[in-house]
Engineer: 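Please see the structure below; I have some questions.
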2 protein chains.
Amino acid sequence: MAWKALSMIAYFAAKWDSWRKEDVVANLKSLAEHLGLSQATVSRALNNYSTVNQETRAKVLEAAKKLNYRPNSSARRLATGRADAIGIVLPHQDDLLVDPHFADFLAALTKKLATYDNDVVLTATDTPQTYQRFAEIGKVDGFVISAPKAHDERIAVLSKLNFPFIVHGRCETDLPYGFFDIDNEGAFYDATKLLLQLGHTRIGLINGAADLMFAKQRLDGYNRAHKEFGIKPALELIHHDHMTEEYGYRHAQALLDLDDRPTAFLCSSTLVTVGAQRRIREMGLEIGKDISIITHDDGLSSLKTENFSVALTVTRAPIRDAGTQIAKMVVDLVRGTPIEQLQKVVPVDLIVRTSTSAPRRSRS
Amino acid sequence: MAWKALSMIAYFAAKWDSWRKEDVVANLKSLAEHLGLSQATVSRALNNYSTVNQETRAKVLEAAKKLNYRPNSSARRLATGRADAIGIVLPHQDDLLVDPHFADFLAALTKKLATYDNDVVLTATDTPQTYQRFAEIGKVDGFVISAPKAHDERIAVLSKLNFPFIVHGRCETDLPYGFFDIDNEGAFYDATKLLLQLGHTRIGLINGAADLMFAKQRLDGYNRAHKEFGIKPALELIHHDHMTEEYGYRHAQALLDLDDRPTAFLCSSTLVTVGAQRRIREMGLEIGKDISIITHDDGLSSLKTENFSVALTVTRAPIRDAGTQIAKMVVDLVRGTPIEQLQKVVPVDLIVRTSTSAPRRSRS
DNA sequence: GCAACTATTGAAAGCGCTTTCAAGAAAACG
DNA sequence: CGTTTTCTTGAAAGCGCTTTCAATAGTTGC
């Protein structure tokens, strides 16, 4: 085993040597000297200036490649004023809570930004001062704001600083800002409508935290559908909380303990549904028969709604798509695309599977 | 509503103005001029050099605060050669798969690094060249490597480059490197032993991907316990795969379809257990009675093992702790702490709850 | 054939900070 | 009281890159 380990390392080392070019050149200056050119010309060649002769450019590019030259990023940043990096603040709502959706979002965002040679810089503390500092200090060229609240301080601050940012979601403000959002209102309108059409009249809503904009939008959709059917949903049916398995369980429990308990649930995330399902089972009820469920599905890579015991009817909008799109949008914004062109809302699919059916008639 | 939105914005704007000091000073030069001092002295004062007079320092600090001065990070990086940033490469095993544990880990890491004034820079592409480039380019001072394989290329490369890095986990190599790991082998040894002591003789193992080091370690623990009991586990009992709900389901299914089916499962992650549980239920079996389960619990903030229908017996090691510890370790490493002092393995708790019991005797 | 362009390159001035080196003032020493 | 030390500060030289501006050579126009 020890031998094997050693040989593997030797293998990788050799492989690595073959990638690594012999000569390595540290900086522009030495590359320029090596080529017998000025730093200026070499820099221009590397940065695709039209004023540089084709042959020269070719030579420079070749040498740079051969000598494995990489421009120092700090120097470049200092000279250009650009950071080629986008900031993103970890949404740690509570101290402990981390949204699992965020991993998928981040992965897609980072991957797409890499195609624009932009990095992602993470920060933990979510205060206006953090944003200001990052902006002023030149660490990032722009921000992506996640999980906006209806009235989000961060947007006020960044607007005031006149610093580029794209919001993942929307908020209520008259300030102009770029955003990418899914049609949460429409999605939950459709979902609610489907349930109402099936004959459900008491529909429990297990929503995200009340101050988050998307939760508000979803509630709006829920309400609009009810209004169309002339039904006024009881307040006891509407729950707002963090979207964890645990809270899914608790709120399902509360809903099922009601005297006149709902015949259908509308859940804001897959994990919440896992929790709700646990409670439903405990009570000996059957999903899709005793109780219908529609959940919002962010297309998490590690937890798929089609794989639930009872395949779930969902409103589906892959959060990775949001990451990918927002990456492009924020880069465009930094490069000068006007805000008005960076406001996008995409529709949400309603995928009907077996967790929804007409309510059972037999009720005591 | 529109009015309310407007007023909120006005509120935030006002609040913001009160934070924001009137005068703002762009750079060291103007701050120095404002103070009637040289840039050198001001810089020294700001960076806590002992050679600067106490009174002068106080004056400088006060002025810097009042004028809201923030040193430009690129300039500072260029001058010092430090980036004050740690790189981390997103572990996208497949194109689509994102490990939900990673969000928790990242959050803790980022938060702790912030206390050292270090940022986290994310990258998507996981090739040796990526590491090399980031290192040479000066974007980061060090790396954190996640999910190492037994023979991990990245470690060979970074070692060769002589670039600081800390591994979250371990690997098989004779190269010296810093790491933080939990005692996976011990944890699964303990868990397996518990099951064997309870009388189980056929224990299904639903492990992580076979090339990942932690999966190997866990398998080792599983095997060691069996050896002690003089039992040779059948190969059919040992499964390796990605740790998603879906695969948990599938492998549980495969295991339960065996002629002589296992009476206990050992699962490598909470999400896998969710899937396994689904299959177990479908077959009308009862966890903790028909089948015992022990799962490894990374302490995910949004999915807690104590909240399963049948509270799960677990080997528990919060992944956030790893993030926090590694943050400190990598900073220490960059600052010169020798590698030998940066190798840590922490024990794992075995928490017994109700998902484990002696196997049922009645078997056909 | 000379003025007016065009194409291409280089010199040099930053970008905003840190840090070496030298210098002046104050304090300590003998 | 002259000399050595200690404190404190400033001037200036980078860090490695980009970019303005000037300069040269080569073209074109009339």
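In the text below, chain A, chain B and the rest are named by the order of the sequence lines, each starting its count at 1.
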Engineer: Going by the salt bridge (charged side-chain N to carboxylate O under 4.0 Å, His left out) test, which pairs reach into residues 325-335 of chain B, not counting sequence neighbours?
Structural biologist: B/Lys328-B/Asp332
Engineer: How many angstroms lie between atom OH of A/Tyr69 and atom CG of A/Leu28, to the nearest 0.5 angstrom?
Structural biologist: 3.5 Å
Engineer: For B/His168 and B/Phe105, take the angle between the two ring planes, folded into 0 to 90°, and tell me which bin it lands in: parallel under 30, tilted 30 to 60, perpendicular over 60.
Structural biologist: parallel
Engineer: Do B/Phe102 and A/Leu106 come close enough that some side-chain heavy atom pair is under 4.5 Å?
Structural biologist: no
Engineer: Please tabulate the protein-to-nucleotide N/O contacts below 3.5 Å involving nucleotides 14-17 of chain C, giving atom names and distances.
Structural biologist:
from, atom 1, to, atom 2, distance (Å)
C/dG16, N2, B/Ala75, O, 3.4
C/dC17, OP1, B/Tyr69, OH, 2.4
C/dC17, OP1, B/Asn72, N, 3.1
C/dC17, OP2, B/Leu28, N, 2.3
C/dC17, O5', B/Tyr69, OH, 3.4

Engineer: For the residue pair B/Tyr177 and B/Phe165, does the interplanar ring angle fall in the parallel (under 30°), tilted (30 to 60°) or perpendicular (over 60°) class?
Structural biologist: parallel
Engineer: Can you measure A/Leu46 atom CG to D/dT19 atom C1' for me and round it to whole angstrom units?
Structural biologist: 15 Å
Engineer: Would you indicate, yes or no, if C/dT9 has its OP1 or OP2 atom less than 4.0 angstrom from a side-chain nitrogen or oxygen of A/Thr41?
Structural biologist: no
Engineer: When you compare the side chain of A/Ile137 with that of B/Asn72, does any pair of heavy atoms fall below 4.5 Å?
Structural biologist: no
Engineer: Please, which pairs that meet salt bridge (charged side-chain N to carboxylate O under 4.0 Å, His left out) have at least one residue in residues 74-90 of chain B, sequence neighbours excluded?
Structural biologist: B/Arg77-B/Asp119, B/Arg82-B/Asp84
Engineer: C/dA7 P sits how many Å from A/Leu37 CG, rounded?
Structural biologist: 20 Å
Engineer: In sequence, state the C-alpha distance, the side-chain angles, and the governing distance for A/Thr324 and A/Asp321, and then conclude on side-chain hydrogen bond (donor to acceptor under 3.5 Å, both in side chains).
Structural biologist: CA-CA 5 Å; A/Thr324 306; A/Asp321 293 352; 5.4 Å; no
Engineer: Over its full length, what angle do the end axes of the helix from C/dG1-D/dC30 to C/dG30-D/dC1 make, each axis taken from five pairs and the result rounded to 10 degrees?
Structural biologist: 40°
Engineer: Let me know the distance between CZ of A/Arg82 and P of D/dT18, rounded to the nearest Å.
Structural biologist: 9 Å
Engineer: Side-chain N or O of B/Thr51 less than 4.0 angstrom from OP1 or OP2 on D/dT9?
Structural biologist: no
Engineer: Look for any protein N or O under 3.5 Å of an N or O in nucleotides 20-22 of chain D and output each such pair with its distance, or none.
Structural biologist:
from, atom 1, to, atom 2, distance (Å)
D/dT20, O4, A/Arg44, NH1, 3.3

Engineer: Kindly compute the distance separating CZ (A/Arg44) from OG (A/Ser50), expressed to the nearest 0.5 Å.
Structural biologist: 10.5 Å
Engineer: Check the pair B/Gln325 / B/Lys344 against side-chain hydrogen bond (donor to acceptor under 3.5 Å, both in side chains), numbers first and verdict last.
Structural biologist: CA-CA 9 Å; B/Gln325 297 242 24; B/Lys344 210 178 288 184; 3.0 Å; yes
Engineer: Rounded to the nearest angstrom, tell me the gap between atom CG in B/Asn53 and atom P in D/dT6.
Structural biologist: 18 Å
Engineer: How many whole angstroms separate atom CG of B/Asn48 from atom P of C/dT18?
Structural biologist: 12 Å
Engineer: Excluding sequence neighbours, so at least two apart, what forms ring pair (Phe, Tyr, Trp, His ring centres under 6.0 Å) with B/Phe134?
Structural biologist: none
